[in-house]
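Read the structure below first, then the notes.
Throughout, protein chains are lettered first and strands after them, A, B, ... in sequence-line order, and every chain is numbered starting at 1. Just the heavy atoms: all of them, side chains too, but no hydrogens, waters or symmetry mates, feed the values below.
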Amino acid sequence: MQAELISSVLWIGLRSGTPLLLATVGEIYAERSGILNLGIEGMMIIGAFTAFAVGQATSSPWLAMAAAAAAGLAASLIHAFISIHLRGNQVVSGLALTMFGLGLTSVAGGTFVGAALPREARIIPSPLSEELAAIPVIGKALFDQDPFLYLSILISVLLWFVLYKTKLGIVIRSVGENPAAADALGVNVYAVRYACTALGGALAGMAGSYITLSLRPGWVENITAGRGWIAVALTIFALWDPLKAIAGSYLFGIVEAGTYNLQPLGFSQWLLNAIPYVLTVVILVAGATETMRKKMGAPAALGVPYVRGEK
Amino acid sequence: MSSTQWAAIALILFVVGVGIGYMAAPKGAAPAQCPPCECPPCQPQAAPQYKAAFIYIGPIGDYGWTHEHEMARRAVQEMFPWLNTTYIESVPPDQAEGKMEELISEGYNIIFTTSFDYMDPTINEAKKHSDVFFFHCSGYKRWKNSGTYFADFYQLYYLNGLMAGALTRTGKVGYVAAFTIPEVVRHINAFAIGVHEVNPDAVVLVREIGAWYNPDLAADAAESLISEGVDVLAFTEDSPTVLQVAQQHHDRGERVLAFGHYSPMKQYGPDVCVSGQIAHWDRILEDILAKIYSGVYTTQNLENVDYWWKLKEGAVELGCADNEPINPIFIDELRQVHVNETVLLPNGTVLENPDVYKLVMARMIQMGVVWHPDTGTYTFTNDECFDPFTGPLYDNQGHLMAPEGQRLGHDALWTMQWWYQNVQGPPLGGG
């Protein structure tokens, strides 16, 4: 019985962690290139909404996911334009994007309230093989998931490889550390930053689509429920490293999934509900001071607009 | 640094544009719009005499509590040509008085506040504005110009409990609760009484999530119950999430059933939604507004106006779809389970050893509603001869809460802070 309980907590934890993972890896890329995007929540909900709308119209989850990625990408370009081209304040622009996404989907989603997603449009977990899924405790969590979840792990590992093991990765990181030097070496700083912000937007859109296509198939307002903010914190928690982001996201997911199993033991729900946010606050505070950030390896030019020829 | 200034201006324009777009967008559907019409009722005859405003705790897009209040608002807006209505959604309780002031200054003279937490703000405003009608939903404080109303679900939860007791195979039934305030405890206990009547060995496990509207927490709580072996779920939370979780398990070939809550939610779980509770706030609003219009209610005589409407008034309906008390795919299974008891119907019919389907219908008749499966309609008898909260009732510590034959009164139900004998829930009473 106890093994079964842990097994389902792990299973749900990995599912809950998947949108966090995609959004976090996307933000890692944006921040590695020097663009702080606090609009994850907004891009995510735009993605979630698009996925629901397309899924309902076409009954194709993969088309819905692609559309969500495109919508997230489009939304991120607003932020990219303001922060890269207009050199606006990235914090304000990102916050505006979040509010924009929440407001837009709330207005546009009015007619979707009460509509359910057709079964064919949903992504449903099913065992890779019955024998593997039957392994006690970890079998269900590792081998009884949906393809989207495996895809998100694959994307994260791939993006880790690109960031640390390829020349492109060096280019991206150098743009985030010292854009002037990168520029002097002939790197197009603006193009790299646009591309990384756009990738972040696409992944945030995909993260949103996982929520409406698999995790909570349906539409209600504010369906992302603050996951974008957790992703912002996880980016720091993961020290801007996609591999650590996998561990961090699943840890958050499992903590979230496990809390209610503690309620019968006498823990109050107020305490339990606070755990993920307490974790978030601790990480954000830890990452807030300049020396800590340096120690943690934050991109040196993070949030600083780059102006060619200016020092 | 003119580029920074340009950026700032662009950003401000962007935010302002978003704001204007949001404000200008039609709020919800547009019942107030006239069709491009020649029809006479659409011509404004005289200036509307009454302007009613609704203050909602959640978003109208929750598809639960606030959504149903909004549906009722639209219904009465359609119904009464002399009425103008508006609403404000997602109002935190501490901002309620300010919003009421705004609305009153705009000329709204009937204010509906639809959350328990608005109780004191409503009374404060009622004392300040003696010429305005106030109606507060789900509270107990009244004033000469402020009445109360509530559509109570406990009879429906009891009926749901009968079905849950018959359908559980693990002997564990789960309940996801928003808060363990008396209203929700009453509903959980009514549900548990129904479960116990059919299946005395089954237990009801309760998880409290601490929010009226939080799909994420509701899903986590539901999954946690399922991981402990629960196979039938009921809930109090303002979204269809728990039902969706059950449907997701069904899609994977696991048997998890659920009951809808507040709205007709069957589309979220067509294979798992057994029944549920649906609110018809429009019945109550219709009555209130008609009586205001006809002068029965004034701003002097609302002190004792308290609507506590249940099945027999038609304010609530059994089922997870309109005019379908039980999902047809479960009727056969319910007919297989018999309960060893005798039920006496108002017309003198005696049911011996009824199956659970018959028992549900019989209990509904005893509470004032007759379902006619052949025509798909209800008739109301206004005759209530049964109440789930009739003794003997024991709490889960073994204390006798109501002796044999005694029926709990209004106050005992509205202050309930004990768990029925088969409930395993979080500690109550602020503990």
Side-chain angles (χ1 to χ4, degrees), chain A residues 1 4-9 12 16 78 82-83 85-89 92-93 96 99-100 103-104 106-116 119 122 124-126 144 214-223 225-227 256-261 263-264 266 268-270 272-273 305 307, chain B residues 3-4 6-8 10-11 14-15 18-19 21-22 25-29 58-64 67 90 205-211 213-217 219-229 239-241 244-245 247-248 251-253 263-265 267-270 424 426-427:
Chain A
M1 184 61 224
E4 249 170 59
L5 205 150
I6 296 168
S7 154
S8 14
V9 167
I12 304 155
S16 314
I78 302 175
I82 293 173
S83 10
H85 242 90
L86 303 177
R87 302 181 199 106
N89 184 319
V92 178
S93 164
M99 288 185 246
F100 171 64
L104 180 75
S106 152
V107 171
T111 52
F112 285 138
V113 172
R119 201 193 136 103
R122 281 187 243 155
I124 298 164
S126 64
D144 189 0
S214 182
L215 205 54
R216 313 266 184 270
W219 176 256
V220 288
E221 275 182 37
N222 194 19
I223 195 168
R227 286 186 180 84
E256 188 195 317
T259 49
Y260 280 100
N261 293 93
Q263 202 172 57
S268 121
Q269 80 282 357
W270 304 110
L272 300 174
N273 293 351
V307 189
Chain B
S3 56
T4 317
W6 277 113
L11 193 64
F14 170 66
V15 173
V18 169
Y22 184 77
K27 287 210 165 188
I60 57 169
D62 64 1
Y63 207 67
H67 183 262
S90 301
L205 308 182
V206 179
R207 291 283 187 282
E208 181 182 5
I209 63 172
Y213 176 69
N214 193 325
D216 266 356
L217 297 182
D220 290 341
E223 292 283 8
S224 130
L225 286 164
I226 294 166
S227 70
E228 295 205 13
S239 79
T241 308
Q244 283 175 312
V245 169
Q247 179 70 36
Q248 281 171 289
D251 292 345
R252 286 168 44 80
S263 296
M265 290 184 171
Q267 70 271 35
Y268 287 98
Q424 296 174 8

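Heavy atoms closer than 4.5 Å to chain A are found in the backbone of B/Val206, but not in its side chain. The parts of B/Glu208 that come within reach of chain A are both its backbone and its side chain, each placing non-hydrogen atoms under 4.5 angstrom from that chain. Only the side chain of B/Thr241 comes within contact range of chain A, with at least one heavy atom under 4.5 Å from a heavy atom of that chain.
Contact check for A/Asn222 versus B/Pro59: no side-chain heavy atoms found under the 4.5 Å cut-off. By the 4.5 Å heavy-atom criterion applied to side chains, A/Val220 and B/Pro240 are counted as neighbours. Contact check for A/Pro125 versus B/Arg252: side-chain heavy atoms found under the 4.5 Å cut-off. The shortest side-chain heavy-atom distance between A/Glu221 and B/Asp62 does not fall under the 4.5 Å cut-off.
Between chain A and the residues B/Gly210, B/Pro270, B/Pro215, the largest count of heavy-atom pairs under 4.5 Å involves B/Gly210. Highest contact tally toward chain A, considering only B/Gln247, B/Met265, B/Gln248, is held by B/Gln248 [criterion: heavy-atom pairs under 4.5 Å].
Checked against salt bridge (Lys or Arg N to Asp or Glu O under 4.0 Å), A/Arg119 has the following partners two or more places apart in sequence or in another chain: B/Asp251. Looking at residues two or more places apart in sequence or on another chain, you find a salt bridge (Lys or Arg N to Asp or Glu O under 4.0 Å) between B/Asp216 and A/Arg216, A/Arg227.
The two residues B/Tyr268 and A/Trp219 make their nearest non-hydrogen contact at OH-O, 4.1 Å. A/Tyr260 and B/Arg207 get closest at one heavy-atom pair: O-NE, 2.9 Å.
In terms of modelled atom types and a separation under 3.5 Å, the side chain of A/Gln263 and the main chain of B/Pro426 share no donor-acceptor contact.
Here CG of B/Leu225 is found 8.5 Å from CG of A/Asn261. Values are rounded to the nearest 0.5 Å. Rounding to the nearest 0.5 Å gives a distance of 10.5 Å between OG of B/Ser227 and CD1 of A/Ile6.
Between the side chains of A/Thr259 and B/Asp220, not a single donor N or O lies within less than 3.5 Å of an accepting N or O.
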